[in-house]
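Have a look at the structure below before the remarks.
When a ligand or atom number is given, it counts from 1 through the structure's own listing order. In what follows, every heavy atom counts, from backbone to side chain, and hydrogens, waters and symmetry copies are set aside.
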Amino acid sequence: MSNSEINEMNLQSCLNDLMDPVFEKSLSSSGFLKETTVGDSGQVHVQIELPVPSYPLESELSELIQNTIQEQFPECQDVNVEYTTDIKGKQSGGRLGLNVKNIIAVGAGKGGVGKSTVAASLAYSLKQFGARVGLVDADVYGPSIPHLVGTSEKPMAQEFQGKDGQTMTRIVPVEANGLKVMSMAFFVEPDQAVIWRGPMLHKAITQFLQDTEWGELDYLIIDMPPGTGDVSLTLSQLLELAGAVIVCSPQQVALLDAVKAVQMFRQVKIPVLGIIENMSGEVFGQGGAQAKGEELEIPFLGEIPMNAEIRIKSDSGNISQLVEDDSEAQAHLLKVAENVAIEIARNLITNPTRPPLEIL
Ligand code: ADP
């Protein structure tokens with residue numbers, strides 16, 4: 001290695017080809033290398049800007065950067081790596097006037113696998129990482145999110161000034177432990193079976209998303225109804241989603257339903273970000289979703305154990321505590337959320353251009 005002078009240009013070119021250990025992209029092609037500066041006494045400062053709110057291998061990347069610089073510039077003993085975050089997204093709510101970077105659908109092939117529990121804990125985990133997050137309960141046939149997040153509040157209507165100066169009435173989401181939440185349950189009586197189909201359902205979902213004042217969000221999580229393609233079709237026509245995550249339990253029967261869910265999302269052109277195994281452990285087994293994911297060539301986003309605390313906290317409306325407090329479930333839930341954000345960013349880095357929007 002040459003003993004060239006340390007300056008910003010030389011530092012940049014020395015780091016450009018370095019691969020980050022999570023995305024396995026060079027720092028120049030991923031755009032992570034934001035700034036390098038050299039101080040008066042030769043100390044080097046490197047700023048890495050990450051597109052995700054949580055990056056699992058910061059210390060590895062720092063070490064890699066420090067070693068690379070010190071190899072090229074042996075006299076340089078002081079390298080400081082700083083991490084900043086700029087969450088990237090497709091800005092997918094454009095057609096509905098939403099200012100949301102990433103919209104994530106949470107689906108399952110059938111009910112009872114913990115889809116709503118995972119959707120709510122995913123939202124709280126991303127918020128825990130510092131992201132701005134909203135949660136939509138679009139499970140029209142069994143909306144359970146208000147119960148899980150422990151709110152009985154109703155959303156309020158408020159006047160807002162539009163871009164053209166006109167005032168319009170919009171719905172303000174309910175806040176539950178700092179999370180913005182909207183649910184179909186706010187608009188129907190409890191126990192009233194909602195059997196919307198086709199055009200009515202399409203209209204209800206559209207209005208529901210369009211008329212809500214979400215503000216600026218990094219992630220909007222949508223808890224989808226299990227199985228059916230109706231709501232997915234509507235969403236794919238209205239929005240360019242970051243993708244869908246599929247929740248399944250480890251046993252074979254549930255996995256077959258998960259395969260159907262994957263096919264359904266693929267059919268309506270919503271990219272599948274990956275599969276999450278919930279309720280893994282002694283009762284239902286473990287590892288089934290990972291194997292199925294490999295078979296379907298979709299990423300495995302992690303497993304959440306069958307755990308009494310998850311059931312107790314979610315059934316008593318305290319799901320936020322699962323990710324805020326130290327618990328057995330906490331590390332699993334945060335890991336899943338970290339992986340979801342990484343998969344979204346990976347897709348953006350690999351395919352920076354928008355695919356054409358297809359009207360089905
Ligand atoms: P779905 O939305 O798929 O119908 P829910 O999220 O409503 O499922 O979960 C169904 C039941 O399973 C709830 O009582 C919930 O508390 C419980 N549950 C979900 N995930 C877990 C888990 N990992 N461990 C224990 N209980 C769970």
With a 3.5 Å cut-off and sequence neighbours excluded, list the donor-acceptor pairs that the side chains of residues 208-215 form with protein atoms.
from: T212; atom 1: OG1; to: F208; atom 2: O; distance (Å): 2.6
from: E213; atom 1: OE1; to: R170; atom 2: NE; distance (Å): 2.5

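Going from atom OG of S116 over to atom CG of D223 covers 3.5 Å, rounded to the nearest 0.5 Å.
Residue pairs meeting the ring pair (Phe, Tyr, Trp, His ring centres under 6.0 Å) criterion with at least one partner in residues 5-45, sequence neighbours excluded, are F23-F32. Listed by first then second residue, pairs satisfying side-chain hydrogen bond (donor to acceptor under 3.5 Å, both in side chains) with a partner in residues 56-68 read S62-Y83, not counting sequence neighbours.
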Which protein N or O atoms sit under 3.5 Å from any N or O of ligand 1? Give atom names and distances.
from: ligand 1; atom 1: 2 (O); to: K115; atom 2: N; distance (Å): 3.4
from: ligand 1; atom 1: 2 (O); to: S116; atom 2: N; distance (Å): 2.9
from: ligand 1; atom 1: 2 (O); to: S116; atom 2: OG; distance (Å): 2.9
from: ligand 1; atom 1: 3 (O); to: G112; atom 2: N; distance (Å): 3.2
from: ligand 1; atom 1: 3 (O); to: V113; atom 2: N; distance (Å): 3.1
from: ligand 1; atom 1: 3 (O); to: G114; atom 2: N; distance (Å): 2.9
from: ligand 1; atom 1: 3 (O); to: K115; atom 2: N; distance (Å): 2.8
from: ligand 1; atom 1: 4 (O); to: G112; atom 2: N; distance (Å): 2.8
from: ligand 1; atom 1: 6 (O); to: S116; atom 2: N; distance (Å): 3.3
from: ligand 1; atom 1: 6 (O); to: T117; atom 2: N; distance (Å): 2.9
from: ligand 1; atom 1: 6 (O); to: T117; atom 2: OG1; distance (Å): 2.6
from: ligand 1; atom 1: 8 (O); to: G114; atom 2: N; distance (Å): 3.1
from: ligand 1; atom 1: 14 (O); to: D315; atom 2: OD1; distance (Å): 3.3
from: ligand 1; atom 1: 14 (O); to: D315; atom 2: OD2; distance (Å): 3.3
from: ligand 1; atom 1: 16 (O); to: S314; atom 2: OG; distance (Å): 2.9
from: ligand 1; atom 1: 16 (O); to: D315; atom 2: OD1; distance (Å): 3.3
from: ligand 1; atom 1: 20 (N); to: N278; atom 2: ND2; distance (Å): 3.0
from: ligand 1; atom 1: 23 (N); to: N278; atom 2: OD1; distance (Å): 2.9
from: ligand 1; atom 1: 23 (N); to: P305; atom 2: O; distance (Å): 2.9
from: ligand 1; atom 1: 24 (N); to: N307; atom 2: N; distance (Å): 3.0
from: ligand 1; atom 1: 24 (N); to: N307; atom 2: O; distance (Å): 3.3

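Just one of N80, L11, L33, L27 meets the side-chain contact (heavy atoms from CB on, under 4.5 Å) condition when paired with V46; it is L33.
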### Task
Apply salt bridge (Lys or Arg N to Asp or Glu O under 4.0 Å) to K34 and D86, showing your working.
CA-CA 11 Å; K34 183 82 176 167; D86 181 18; over 6 Å; no
